[in-house]
Amino acid sequence: MTRETTISILIIAGLLAAAFIAQAMGETFYITLATRMAILGLAATGLNIALGLGGLVSFGHAAFFGIGGYAAGILATHAFNSEPLLLGLPGTNQMIVIWITGAIAAGLVAVLIGLISLRTSGVYFIMITLAFAQMIYYFAISWPAYGGEDGLSIYVRNAFPGMNTLAPMSFFLICFGLLALGLIVFAMLRDSRFGAALQAGRQNETRLAAVGIGPFRVRLTAFVISAMMTALAGALFADLNRFVSPSMFSWHMSGELIVLIILGGVGRLAGPLAGAIVYVLFEFALGGITEHWQFFLGLILLAVVLFARGGVMGLLAGRARHG
Amino acid sequence: MSLTLFIEQILNGLQFGVMLFLMAAGLTLIFGVMGLINLAHGSLFMVGAFACATVAAATGSFWLGLVASLAAAAAAGALVEILVIRRLYERDHLDQVLATFALILIFSEGTRWVFGSFPLYLDIPQLLSGAVHLPGGAQYPIYRLAVIGVGIAVAIGLYLLIGKTRLGMRIRAGESDREMIGALGIDIGTLYTLVFALGAALAGLAGAMVGALQSVQVGMGEPVLILAFVVIVIGGIGSIKGALIGSILVGLTETLGRFLLPHFFGLFMPNSEAATIGAALASMLIYIVMALILAFRPQGLFAANA
């Protein structure tokens, strides 16, 4: 086992252990904190497929995070009010149905966004993905049917067969399970033929084309998978807060997802999760000291970019091999 | 819908476009010369507005405030360039995005710390406070006309600066080959700081002028920043001409879309629904325009040496 694998496993197991310790101490608040880490970690792992493996710096992943969130919010509201949704289909409070709906919706939107955005590269790609996310953000604000600017409350957390999702620990385990699944998907993608093509496209597009693989379709596929995983996290995030609002679509959210990845280590398996753990801890620790915690968060991030390249994983497991 | 109202909306669109140009010109210059994507440009806009509001409140003079906004934004820009940005030129865009995102957090929260969460207000100066009569009997505030005038003056000034002066020549040379001008004995470090401060001053000027139209508050730069990104993507990154045309296009599209789309949908559906759909679509309109332009010209309308 390489050092990186050991440390990755330690980080993942550490999160699980932390939740169980919090449970044993009766500190449900810390379980919620761990849940938040798992969800943000999953969202950033999704983005890591596009950004870390494919080199596609999407500054608009909040769009997919929000779509997942609104899928949960809208379906749950319709189920709660017993109003039919589309074509007479009812809403639902079953998490599994919500996840599938959210992921498919995000996937379809990602195809549209990807078809246009992936024609560009570099800074253009960053700004176009940002612009698309803003488009959806403004739509969510100005469309009054689902709360508009005020957002949408989920009165009772959605259900999962055989579990009481209202218990913090059960909900954490659901989120942790999906996170583990997301990490497995990431690792499998990374080591597959597809992942090799995706990473080759990041390193040298011309060479990839020279061996007969067009980068566009590979990237589009990666972008869509990435969006679907982030949407899944969005649905969980909505259930965690029992509330969705247009702020899930905001560019701050997109920025935060990128921050998590860089903080943890770009393209590394456990990077996004490590980033999410550190970020939530910062938020919690600094927030307890000063209401101006974002100021210090900014300073810390700046220091990480300027002086600690490679993030947490770079620090613990050495520099990544990818270049 | 009368003609006068229409003219008024076109002027509003122009005024908005001109203000976007002040932001976009700096962004596109910084990207063109240094290859840097600067998310913190909106913070410099905010710095300008706060400096203007503070100095105007202390001295009672909007004009001193305007001078202060230019000075404060340029100084903040130069300081940030020397302390942080300088280290980012050789990095990839991802690092630049993160570092400037961190700068936004620092600027926004720092400003909130000093000035509190309540918005400040800035009065329109006496000299420009009236309104002029438009053909057709409508009135239009002089101040907004003055903003359009300032924007046009800046556009001409930038054109002359970049096209006709020695500094402009160096900036253009820096855009096309930075190693070469370094080899010719030009201090690139100083040149970069100057360009960054110039861009910052323009953003600060925009912030001060907008501050008199809206309230001055933390986060006011962010919506403008994102629109300025749309502008430079449409215009072609690195091109001042593209920034000007993109700004006017975005300003007019945004303003006229909000005005016309509800009317348009009103033609064939009930008014309340038309207002809702019109407003929702209008808020997305510029992004749709951008997507269309990029679908046909992925490098923007006037791509500089891309």
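Keep in mind it's a predicted model, so treat the numbers as computed, not measured. Naming convention: chains lettered A, B, ... in sequence-line order (proteins, then strands); numbering from 1 in each chain. The basis for the numbers below is simple: all heavy atoms, side chains too, and nothing from hydrogens, waters or symmetry mates.
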Residues B:F107, B:F50; criterion ring-ring contact (aromatic ring centres under 6.0 Å, His included); working and verdict:
CA-CA 12 Å; B:F107 268 109; B:F50 270 92; over 10 Å; no
Top contributor to chain B contacts, counting heavy-atom pairs under 4.5 Å, from [options]:
| options | result |
| --- | --- |
| A:S117, A:A303, A:G148, A:G298 | A:G298 |
| A:F139, A:W251, A:W143, A:F296 | A:W251 |
| A:R119, A:E291, A:H292, A:Q134 | A:H292 |
| A:V57, A:I128, A:I116 | A:I128 |

Is it the side chain or the backbone of [X] that comes within 4.5 Å of chain B heavy atoms, both, or neither?
| X | result |
| --- | --- |
| A:L302 | both |
| A:L51 | side chain |
| A:F59 | side chain |

Under a 4.5 Å heavy-atom cut-off, does chain A meet the side chain of [X], its backbone, both or neither?
| X | result |
| --- | --- |
| B:I226 | side chain |
| B:L281 | neither |
| B:I104 | side chain |
| B:F101 | side chain |
| B:V233 | both |
| B:F31 | side chain |
| B:L225 | side chain |
| B:I106 | both |

State whether the side chain of [X] and the backbone N or O of [Y] hold a donor-acceptor pair below 3.5 Å, judged by distance alone.
| X | Y | answer |
| --- | --- | --- |
| B:S108 | B:G219 | no |
| B:E81 | B:A197 | no |
| B:T193 | B:G189 | yes |
| A:T230 | A:A43 | yes |

Most chain A-contacting option - heavy-atom pairs closer than 4.5 Å, from B:R87, B:M290, B:R91:
B:R91
In terms of heavy-atom pairs under 4.5 Å, which option from B:T100, B:V97, B:L105 contacts chain A the most?
B:L105
Run the side-chain contact (heavy atoms from CB on, under 4.5 Å) check on B:H41 and B:F229 step by step: do they pass?
CA-CA 10 Å; B:H41 212 65; B:F229 276 146; over 6 Å; no
Assess the pair [X] and [Y]: is the distance between their ring centroids shorter than 6.0 Å?
| X | Y | answer |
| --- | --- | --- |
| B:F259 | B:H263 | yes |
| A:Y146 | A:Y70 | no |
| A:Y137 | B:Y287 | no |

Quiz question: by atom type and distance under 3.5 Å, do the side chains of A:S247 and A:H252 form a donor-acceptor pair?
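On atom types as modelled, these side chains do not qualify, holding no pair under 3.5 Å.
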Side chains of A:S58 and A:F132: closer than 4.5 Å at any heavy-atom pair?
no
